[in-house]
Undergrad: 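Have a look at the structure that comes next, please.
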Amino acid sequence: MTEPTFTTLVSRWYEQNARDLPWRVPGIGAWPILVSEVMLQQTPVVRVLPAWHAWLARWPDPAALAADTPAEAIRMWGRLGYPRRAVRLRECAVAIVERHGGRVPDQLDQLLALPGIGTYTARAVAAFAYGQRHPVVDTNVRRVVSRAVAGDPDAGPATTPADLVACAELLPIEPAAAALASAAFMELGAIVCTARSPRCPACPVESVCAWRASGQAAPTGPTRRPQRYAGTDRQVRGLLLGVLRDTTGPVPHQRLDQVWHDDVQRARALAGLVKDGLVEPVGEESFRLIGDGPVAQPLPG
DNA sequence: CATGCGTGGAA
DNA sequence: TTTCCAAGCAT
């Protein structure tokens, strides 16, 4: 099999144009890469950068995070959004300590079995941290391949097995080159072949792009109307968690009552936070971040 | 497999 | 001002 022109063009472009992101530093280690991948799930790079530095300064390895409380993980998550990821990342650290001696596993099935690690993240860690040859398929890669190879302006809403096969066929045989190609596809989608306003004049594969060749039909908008944020349970959860995050220990429910007027919705949101393992009741009157209790004191003497 | 799950900045 | 997200995951 010959290495496709498309892949070499994108890889060369990447070598010249890649952003120098800290988790791309050679030899950075699997744990920093894993943390970056989880933080980057639905959160923009510019907001991840400071949180990533702070997180790794405090918890340089899985064992350090596993030994701390979920509440502190939620606090250090700051306002990255989707704070369940913070709790899952800590659970992931616990599992890494228990199952793998504190070292991030390098096998795809072992990675996939960790909390908060799905198809994309497992493959990203295996490829970027361990140099293995796996297709790494995120929304950027699916869009790039959909356009340049298939000629479609948009990719499907979710990654399918067919997407993995299509991407695998684009990868060089040599594992390190394959990992670089995957990073290059992602970068091209993030920087040039963006969803709404692709910068085709700056694209390294404009000359071989099927979408371009077929007249570049306009991307169609989202298939379904996205849920509005204002007034949703999501917003109320965010407000409640904001108070709990900025307070150490239990918060009386009267204080939580002030964040939202609708009793029914507020109670539902709070119950959701408890159900999701982010918050726990303390007695009859208060709530706190999960595990945000007094640390066990060593006995005197 | 369609939904729920935060956030803050760009268009 | 309102809209639309941005390197997904779990259920």
Side-chain angles (χ1 to χ4, degrees), chain A residues 14 18-19 21-24 33-52 74 77-89 91-92 111-129 135-145 154-161 163 167 179 182-191 193-198 219-245 259 265 268-269 271-279:
Chain A
Y14 178 78
R19 295 165 292 179
L21 301 172
W23 44 84
R24 288 177 176 168
I33 289 175
L34 190 157
V35 171
S36 78
E37 293 298 344
V38 173
M39 287 182 169
L40 287 164
Q41 293 167 3
Q42 306 286 280
T43 301
V45 168
V46 289
R47 285 168 53 203
V48 164
L49 282 168
W52 182 85
I74 293 170
W77 196 252
R79 305 184 68 82
L80 291 182
Y82 295 146
R84 293 190 299 195
R85 288 181 293 166
V87 176
R88 295 223 182 94
L89 186 49
E91 290 171 352
C92 179
L111 286 163
L112 209 45
L114 296 171
I117 307 299
T119 305
Y120 162 76
T121 305
R123 292 168 173 278
V125 171
F128 301 148
V136 182
V137 184
D138 72 338
T139 183
N140 285 314
V141 175
R142 286 189 295 110
R143 184 175 58 255
V144 166
V145 172
D154 296 294
T159 301
T160 65
D163 291 329
C167 290
S182 290
F185 296 157
M186 292 176 62
E187 190 78 345
L188 187 69
I191 301 299
C193 195
T194 58
R196 284 201 263 181
S197 304
T220 63
T223 310
R224 212 168 6 82
R225 213 64 179 179
Q227 183 189 29
R228 301 199 54 77
Y229 181 65
T232 61
D233 286 8
R234 225 184 269 198
Q235 183 189 20
V236 181
R237 287 168 60 115
L239 292 170
L240 291 168
L241 204 63
V243 173
L244 292 159
R245 198 165 44 212
V259 307
Q265 187 177 25
R268 185 171 65 230
L273 289 171
V274 172
K275 182 175 186 295
D276 289 349
L278 292 164
V279 172

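Residue numbers start from 1 in every chain, and the chains themselves are labelled A, B, ... in the order their sequence lines are given, proteins ahead of strands.
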Undergrad: Heavy atoms from C-beta onward define the side chain here; which of C:dA6, B:dG8, C:dA7 lies closest to that of A:Asp138?
TA: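 In terms of side-chain proximity for A:Asp138, the closest of C:dA6, B:dG8, C:dA7 is C:dA7.
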
Undergrad: Considering every strand and a 4.0 Å limit on heavy-atom distances, what is the contact class for A:Arg123: base, sugar-phosphate, or nothing?
TA: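 No contact at all - A:Arg123 keeps every heavy atom at 4.0 Å or more from the nucleic acid.
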
Undergrad: Would you mind classifying the nucleic acid contact of A:Trp23 as base, sugar-phosphate or nothing, using non-hydrogen atoms under 4.0 angstrom?
TA: base

Undergrad: Quick one: on DNA chain B, does A:Ser197 or A:Arg237 contact a more 5' nucleotide (nearest heavy atom)?
TA: A:Arg237

Undergrad: Take atom CG of A:Asp154 and atom C1' of C:dC5, then tell me their distance rounded to the nearest Å.
TA: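 To the nearest whole Å, that distance equals 14 Å.
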
Undergrad: Is a side-chain N or O of A:Arg237 found less than 3.5 angstrom from the main chain of A:Ala269, in a donor-acceptor match?
TA: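 Looks like no, no N/O pair under 3.5 Å.
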
Undergrad: What is the distance, rounded to the nearest whole Å, between atom CG of A:Leu49 and atom P of C:dA7?
TA: 14 Å

Undergrad: Applying a 4.0 Å non-hydrogen cut-off, can you work out what A:Arg24 is touching in the nucleic acid: base, sugar-phosphate, or nothing?
TA: base

Undergrad: Taking CD1 from A:Ile74 and P from B:dT7, how many angstroms apart are they, rounded to a whole number?
TA: 12 Å

Undergrad: In whole Å, what is the span from the CD atom of A:Gln235 to the C1' atom of B:dG4?
TA: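 For the pair A:Gln235 CD and B:dG4 C1', the rounded distance is 15 Å.
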
Undergrad: Report the distance from atom CG of A:Leu112 to atom C1' of C:dA10, rounded to the nearest whole Å.
TA: 12 Å

Undergrad: In whole Å, measure the gap between the P atoms of C:dT11 and B:dG6 for me.
TA: 14 Å

Undergrad: Rounded to whole angstrom units, what separation is found between the OH atom of A:Tyr229 and the P atom of B:dT3?
TA: 20 Å

Undergrad: Is there a side chain to side chain contact (heavy atoms under 4.5 Å, CB included) between A:Phe128 and A:Leu34 once you walk through the steps?
TA: CA-CA 9 Å; A:Phe128 301 148; A:Leu34 190 157; over 6 Å; no

Undergrad: Measure the distance from CZ on A:Arg85 to P on B:dG4 and round it to the nearest whole Å.
TA: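 That distance rounds to 18 Å.
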
Undergrad: Which part of the nucleic acid does A:Leu240 contact within heavy-atom distance under 4.0 Å: base, sugar-phosphate only, or nothing?
TA: nothing

Undergrad: Nearest heavy atom decides the nucleotide; on that basis, is A:Arg196 or A:Gly81 closer to the 5' end of DNA chain B?
TA: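 Result: A:Gly81.
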
Undergrad: Does A:Arg47 or A:Pro115 map to a spot on DNA chain C nearer the 5' end, using the closest nucleotide for each?
TA: A:Arg47

Undergrad: Between C:dA7, B:dC5, C:dA6, which nucleotide has the shortest distance from any of its atoms to the side chain of A:Pro44?
TA: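 In terms of side-chain proximity for A:Pro44, the closest of C:dA7, B:dC5, C:dA6 is C:dA6.
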
Undergrad: Select base, sugar-phosphate, or nothing to describe what A:Leu80 touches, counting heavy atoms under 4.0 Å on all strands.
TA: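 Base contact.
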
Undergrad: Would you state whether a donor and an acceptor, one from the side chain of A:Thr139 and one from the base of C:dG8, lie under 3.5 Å apart?
TA: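 No, the side chain and the base share no sub-3.5 Å donor-acceptor pair.
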
Undergrad: Looking at A:Glu37 and A:Ile33, would you say the former's side chain and the latter's main chain have a donor-acceptor pair under 3.5 Å?
TA: no

Undergrad: What distance, rounded to whole Å, do you find between the two P atoms, one in C:dA7 and one in B:dA11?
TA: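 Each nucleotide's P atom is 14 Å from the other's.
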
Undergrad: Give a yes/no answer on whether the side chain of A:Gln42 brings an N or O atom under 4.0 Å of OP1 or OP2 in C:dG8.
TA: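 So the side-chain polar atoms of A:Gln42 do come within 4.0 Å of the phosphate oxygens OP1 or OP2 of C:dG8, strictly under.
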
Undergrad: Is there a donor-acceptor contact under 3.5 Å from the side chain of A:Arg142 to the main chain of A:Gly156?
TA: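 Looks like yes, one N/O pair under 3.5 Å.
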
Undergrad: Any donor-acceptor pair under 3.5 Å linking the side chain of A:Glu91 with the backbone of A:Gly116?
TA: no

Undergrad: Any side-chain N or O of A:Arg79 below 4.0 angstrom from OP1/OP2 of B:dG6?
TA: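 So the side chain of A:Arg79 is outside the cut-off, no N or O lying under 4.0 Å from OP1 or OP2 of B:dG6.
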
Undergrad: Does A:Ser182 form a side chain to side chain donor-acceptor pair (under 3.5 Å) with A:Arg123? I'd like the steps, not just the answer.
TA: CA-CA 10 Å; A:Ser182 290; A:Arg123 292 168 173 278; over 6 Å; no

Undergrad: Within the 4.0 Å heavy-atom criterion, would you say A:Thr121 contacts the bases, only the backbone, or no part of the nucleic acid?
TA: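 Sugar-phosphate only.
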
Undergrad: At under 4.0 Å between heavy atoms, what does A:Arg84 touch on the DNA or RNA strands: base, sugar-phosphate, or nothing?
TA: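 The answer is base, as A:Arg84 lies within the cut-off (heavy atoms under 4.0 Å) of a base atom.
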
Undergrad: A:Tyr120 has a side chain; which of C:dA7, B:dT7, B:dG6 sits nearest to it?
TA: C:dA7

Undergrad: Between C:dA7, B:dT7, C:dG8, which nucleotide gets closest to the side-chain atoms of A:Tyr82?
TA: C:dG8

Undergrad: With no hydrogens and no angle check, is any side-chain donor or acceptor of A:Arg24 less than 3.5 Å from a backbone partner on A:Arg19?
TA: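 Pair found, side chain donor or acceptor close to backbone of A:Arg19.
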
Undergrad: Rounded to whole angstrom units, what separation is found between the CD atom of A:Glu37 and the P atom of C:dC9?
TA: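 Roughly 9 Å, once rounded to whole Å.
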
Undergrad: Would you say C:dC5 has OP1 or OP2 under 4.0 Å from some side-chain N or O of A:Arg143?
TA: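 The answer is no; no side-chain N or O of A:Arg143 sits under 4.0 Å from OP1 or OP2.
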
